[in-house]
Engineer: 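Before we start, here is the structure in question, set down as structure tokens.
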Amino acid sequence: MQTNGVPARYGIHPGAVVNVVTKSGTNSIHGDLFEFVRNGAFNARNYFAATQDSLRRNQYGGTIGGPVKKDKIFLSGGFQETAERTAPPQSTAFVPTQATLNGDFSTVDSATYQSSHKAVIVRNPTTGVPYPNNFISPSLFSTPITKLLPNIPVSGCGKKQVSW
């Protein structure tokens, strides 16, 4: 009996699913093998990634079943294994400083922090007018963002890299 977390194959409904097996096993040996492959040859490249990801994943296994005592006792079993191989992560994000979370982009968007060594000017997306001193008042932040900000990790220098 399955009472929660019912697989999608049983449809969309609350409650439980009852599976009844009236006859299990057969007098002949039977089984199957499977493999699921994930690698760069089959996957699309992440739109924001410079190159294809390096994840190589193989899930494989099989089942076998047959009689222990003819027409009376049957035995079946299965095996599955997952092998993953990957190079170091290719997605890098920069964790914001507390000043950035408060709307002050004057430091992180300065020429010192930019790889191009050119300061970035933060502009109002509606009007195109630059924000004074690259500061966006937190009162202009949307409500969902203000609820999300307390959950974002903070860096002291703005250059801490996290990968996933």
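Please read all numbers here as calculations on a predicted model, not as lab measurements.
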Engineer: List the atom pairs, donor and acceptor, that lie under 3.5 Å between side-chain atoms in residues 144-152 and the rest of the protein, sequence neighbours left out.
Structural biologist:
| from | atom 1 | to | atom 2 | distance (Å) |
| --- | --- | --- | --- | --- |
| T146 | OG1 | T143 | O | 2.7 |

Engineer: Check which hydrophobic residues are tied to V68 through side-chain heavy-atom contacts below 4.5 Å, counting indirect links as well, and list them.
Structural biologist: I73, L75
Engineer: Applying side chain to side chain donor-acceptor pair (under 3.5 Å), name anything that partners R38, two or more places apart in sequence or on another chain.
Structural biologist: D53
Engineer: Counting C-beta onward and ignoring hydrogens, is there a side-chain heavy-atom pair between Q80 and Y60 closer than 4.5 Å?
Structural biologist: no
Engineer: Could you identify which residues cluster with L55, counting Ile, Leu, Val, Met, Phe, Trp and Tyr as linked when any side-chain heavy atoms lie under 4.5 Å apart, either directly or through a chain of such contacts?
Structural biologist: none
Engineer: Please name all residues satisfying side chain to side chain donor-acceptor pair (under 3.5 Å) with Q59, sequence neighbours left out, ordered by chain then number.
Structural biologist: none
Engineer: Test of understanding: with side chain to side chain donor-acceptor pair (under 3.5 Å), list the residues that count as partners of T127, not counting sequence neighbours.
Structural biologist: none
Engineer: Tell me every residue that passes salt bridge (Lys or Arg N to Asp or Glu O under 4.0 Å) with R57, counting only those two or more places apart in sequence or in another chain.
Structural biologist: E84
Engineer: If the condition is side chain to side chain donor-acceptor pair (under 3.5 Å), which residues does N27 pass it with, not counting sequence neighbours?
Structural biologist: D71
Engineer: Roughly how far, to the nearest 0.5 Å, is CZ of F105 from OG1 of T97?
Structural biologist: 8.5 Å
Engineer: State which residues pass salt bridge (Lys or Arg N to Asp or Glu O under 4.0 Å) with R56; sequence neighbours excluded, sorted by chain then number.
Structural biologist: none
Engineer: Any chance you could pull the hydrophobic cluster mates of I29, using side-chain heavy atoms under 4.5 angstrom and chaining through other members?
Structural biologist: I64
Engineer: Is there a side-chain contact between N58 and F36 (heavy atoms, below 4.5 Å)?
Structural biologist: no
Engineer: Are more than 12 heavy atoms from other residues, nucleotides or ligands located less than 6.0 Å from atom CG of N133?
Structural biologist: no
Engineer: With the side chain counted from C-beta on, respond yes when F74 and K69 share a heavy-atom pair under 4.5 Å apart, and no when they do not.
Structural biologist: no
Engineer: Quick one: does any side-chain atom of D104 pair with a main-chain N or O of T100 as donor and acceptor, under 3.5 Å?
Structural biologist: no
Engineer: Would you name the heavy atoms of R123 and P130 that are closest together and state the gap between them?
Structural biologist: NH1-CG, 3.4 Å
Engineer: Return the minimal non-hydrogen interatomic distance between F34 and G62, and the atom names on each side.
Structural biologist: CE2-N, 3.6 Å
Engineer: Measure across P153 and P96 and return the closest heavy-atom pair with its distance rounded to 0.1 Å.
Structural biologist: O-CD, 3.8 Å
Engineer: Please list, chain by chain and in numerical order, all residues satisfying side-chain contact (heavy atoms from CB on, under 4.5 Å) with S137, sequence neighbours excluded.
Structural biologist: F135, S139, L140
Engineer: Kindly give the heavy-atom pair with the smallest separation between F141 and I136, and that separation in Å.
Structural biologist: CE2-CG2, 3.8 Å
